[in-house]
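Here the structure comes first, spelled out in structure tokens, and everything after it is commentary.
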Amino acid sequence: MTDRELDAAGITDPALRAAYTRCRYLNARHGRTYFLATRLLPPARRPAVHALYGFARWADDIVDSLDDGATGPERREALLRLRRALEDGLRHGHSAEPVVHALADTAARYRIDHRHFTDFMASMHDDLVVTDYATYEELRRYMHGSAAVIGLQMLPVLGTVVPRDRAAPHAAALGIAFQLTNFLRDVGEDLDRGRIYLPADLLGAHGVDRQLLRWSRDTGRPDRRITAALRAAEDLTRGVYREAAPGLAMLDPVARPCIRTAFVLYGAILDTIAAEGYAVLHRRAVVPRRRRAAVALDGLARVVTARLRAGGSPPLVGVTSRTAALRPTGAAKAALRPAGAGEAG
């Protein structure tokens, strides 16, 4: 977290500044696509976004990391400790755990409904005990807590030009669209964790089951049935993006470039998966750097335009005058610098 961002957000306590800095690190390390998009927000709002995503990344690491060697019981105990810290931090507005401290401060500043965090932790617990989903309806219930609530947490930070409850369904859909994109991209890695997030009924409609996926992963060989199932999953995901799209125009104009950039970059992951023949069981789809740069530059241009027009913008819903303060975000070079490197703008 840069001093400029923390100063713009009115965060002065040294311990709290350190807590937000830790969250920024977690977001930068794990969320390259969304971290880049976040740098298009006004500096005053970036710390809150890093707190929300940093906490989510931390919880996700507990249940998903393949590198720490933790056993199932150890992961459950770690998640239980985090849940207790979260409940205590939200109750008192501070915590000895830096990431929870920043999250509790953000929740208080933006009056974020605590139920969103409770629902999130419930889905993280599911990841420790559920290994597949029979239907899309079952998966969507899981994704309410794991993804939709992230969009709902973000709304008070971003601000809206319509009543928040009108924008909420689109924000929730966008969180789900992003997660479905990750599920499709990470089919192989999730399979190595023993999980399949693509619903069994969708896979089964094309003759695909866990055994066939495991065979393809282990041998590196494609199968037309798997390709057809993954194409169907892409179509499903693009339909959720269409649900989310109307919500972009409902956001504060100076926040739209950030979310639009994330929207386009995550969609580009789907494009890359399709262009590479749905080979996600064998390699990770990565959006070419040139395309990422072009999207980021377009986002910067939209930021400038939005801020020039901000004087005549409609009043925002749920954003205070302090958190809505407009400041320049920096040059294109800063926005395109690798995540976590130097000044964020």
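Of the possible polar contacts, none joining the Arg185 side chain to the Ala285 backbone as a donor-acceptor pair under 3.5 Å is found. Side-chain atoms of Glu243 never come within 3.5 Å of backbone atoms of Val240 as a donor-acceptor pair (strictly under, hydrogens ignored). In terms of modelled atom types and a separation under 3.5 Å, the side chain of Arg17 and the main chain of Ile11 share a donor-acceptor contact. With hydrogens and angles disregarded, no donor-acceptor distance shorter than 3.5 Å links the side chain of Ser216 to the backbone of Leu212. The closest donor-acceptor contact from the side chain of Arg4 to the backbone of Pro43 lies at 3.5 Å or more, if one exists at all. Between the Thr135 side chain and the Glu138 main chain, a donor and an acceptor come within less than 3.5 Å of each other. Side-chain atoms of Arg256 come within 3.5 Å of backbone N or O of Leu251 as a donor-acceptor pair.
Closest of all the heavy-atom pairs between Ser95 and Gly89 is CB-CA, 4.3 Å. Considering every non-hydrogen atom in both Leu40 and Pro257, the closest pair reads CD1-O, 3.8 Å. Gly247 and His170 get closest at one heavy-atom pair: CA-CB, 3.5 Å. When every heavy atom of His206 is checked against every heavy atom of Ala229, the shortest pair comes out as CD2-CA, 3.7 Å. The two residues Val254 and Arg45 have their closest heavy-atom pair at CG2-NH2, 3.6 Å. Closest of all the heavy-atom pairs between Tyr278 and Leu230 is O-CD1, 3.3 Å.
Between Glu234 and Arg238 there is a salt bridge, since a side-chain N of the basic residue sits under 4.0 Å from a carboxylate O of the acidic one. A salt bridge links Asp88 to Arg91: at least one charged side-chain nitrogen sits closer than 4.0 Å to a carboxylate oxygen. Salt-bridge formation is detected for the pair Arg291/Asp271: a Lys NZ or Arg NE/NH1/NH2 atom is positioned less than 4.0 Å from an Asp or Glu carboxylate oxygen. Looking at Arg283 and Glu276, a side-chain N of the basic residue comes within less than 4.0 Å of a carboxylate O on the acidic one, giving a salt bridge. The pair Arg195-Asp132 does not meet the salt-bridge criterion, since no charged nitrogen lies less than 4.0 angstrom from a carboxylate oxygen.
In the hydrophobic clustering of ILVMFWY residues, with side-chain heavy atoms under 4.5 Å counting as a link, Tyr241 and Met143 come out together. Under the 4.5 Å side-chain heavy-atom criterion for grouping Ile, Leu, Val, Met, Phe, Trp and Tyr, Ile269 is connected to Phe183 within one hydrophobic cluster. By the criterion of side-chain heavy atoms lying less than 4.5 angstrom apart, applied directly or through intervening Ile, Leu, Val, Met, Phe, Trp or Tyr residues, Val100 is not grouped with Leu80; the two fall into different hydrophobic clusters. The hydrophobic cluster containing Leu236 also contains Val208, counting ILVMFWY residues as joined when their side-chain heavy atoms lie under 4.5 angstrom apart, directly or transitively.
Note on ring orientation: taking the six-membered ring where Trp is involved, the planes of Trp58 and Phe55 are perpendicular (angle over 60°, cut-offs 30° and 60°). Note: Tyr142 and Tyr133 have tilted aromatic rings, judged against thresholds of 30 and 60 degrees for the angle between ring planes.
One finds the CG atom of Leu198 at 8.5 Å from the CG atom of Leu180 (value rounded to the nearest 0.5 Å). Between atom SG of residue Cys23 and atom CG of residue Leu52 there is a gap of 8.5 Å, rounded to the nearest 0.5 Å. Considering OG1 of Thr227 and CZ of Arg224, their distance stands at 10.0 Å, rounded to 0.5 Å. Taking CG of Leu90 as the start and CG of Leu103 as the end, the distance is 6.0 Å to the nearest 0.5 Å. Taking CG from Asp113 and CG from Leu155, the interatomic distance works out to 12.0 Å, rounded to the nearest 0.5 Å. Atom SG of residue Cys258 and atom CE of residue Met154 lie 5.5 Å apart, to the nearest 0.5 angstrom.
Leu203 places none of its side-chain heavy atoms less than 4.5 Å from the side chain of Arg225. Counting only heavy atoms from C-beta outward, the side chains of Gln153 and Phe117 approach each other to under 4.5 Å. Residues Phe120 and Arg115 have side chains not in contact (no heavy-atom distance under 4.5 Å, counting atoms from C-beta outward). Glu87 has its side chain within reach of Arg83: a pair of non-hydrogen atoms, C-beta onward, lies under 4.5 Å apart. Put simply, the side chain of Asp64 does not reach to within 4.5 Å of the side chain of Met124, judged on heavy atoms. Side-chain contact between Glu5 and Tyr20: absent, with no pair of heavy atoms (C-beta onward) separated by less than 4.5 Å. Residues Leu158 and Leu41 have side chains in contact (heavy-atom distance under 4.5 Å, counting atoms from C-beta outward). Between Leu6 and Thr21 there is a side-chain heavy-atom pair separated by less than 4.5 Å.
Between His50 and Tyr25, the ring centre distance reaches or exceeds 6.0 Å. Phe263 has its ring centre no less than 6.0 Å from the ring centre of Phe178.
His94 and Asp105 share no donor-acceptor pair across their side chains, judged by distance under 3.5 Å alone. Side-chain contact check for Arg57 and Tyr53: no donor-acceptor pair (N or O, by modelled atom type) lies under 3.5 Å. Neither side chain, Arg24 nor Asn27, offers a donor N or O lying under 3.5 Å from an acceptor on the other.
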Audit row: Ile273, Leu184, side-chain contact (heavy atoms from CB on, under 4.5 Å) steps and yes/no: CA-CA 8 Å; Ile273 290 170; Leu184 185 55; 3.9 Å; yes
Begin with the C-alpha distance, continue with both residues' side-chain angles, and end with the deciding distance and a verdict on side-chain contact (heavy atoms from CB on, under 4.5 Å) for Val63 and Leu79. CA-CA 8 Å; Val63 300; Leu79 197 64; 4.1 Å; yes
Glu77/Leu82 under side-chain contact (heavy atoms from CB on, under 4.5 Å): CA gap, chis, key distance, verdict: CA-CA 9 Å; Glu77 180 59 30; Leu82 178 58; over 6 Å; no
In sequence, state the C-alpha distance, the side-chain angles, and the governing distance for Arg141 and Asp126, and then conclude on salt bridge (charged side-chain N to carboxylate O under 4.0 Å, His left out). CA-CA 11 Å; Arg141 284 195 291 271; Asp126 285 350; over 6 Å; no
Check the pair Glu97, Arg81 against salt bridge (charged side-chain N to carboxylate O under 4.0 Å, His left out), reporting the backbone distance first and the verdict last. CA-CA 11 Å; Glu97 290 284 358; Arg81 287 196 302 270; over 6 Å; no
Assess whether salt bridge (charged side-chain N to carboxylate O under 4.0 Å, His left out) is satisfied between Asp209 and Arg214, documenting all intermediate values. CA-CA 9 Å; Asp209 58 14; Arg214 188 73 262 172; over 6 Å; no
Under the side-chain contact (heavy atoms from CB on, under 4.5 Å) criterion, do Ser123 and His144 qualify, and how do the steps go? CA-CA 8 Å; Ser123 284; His144 166 76; over 6 Å; no
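Heavy-atom neighbours of His125 NE2 from other residues, nucleotides or ligands within 6.0 Å: at or below the threshold of 12.
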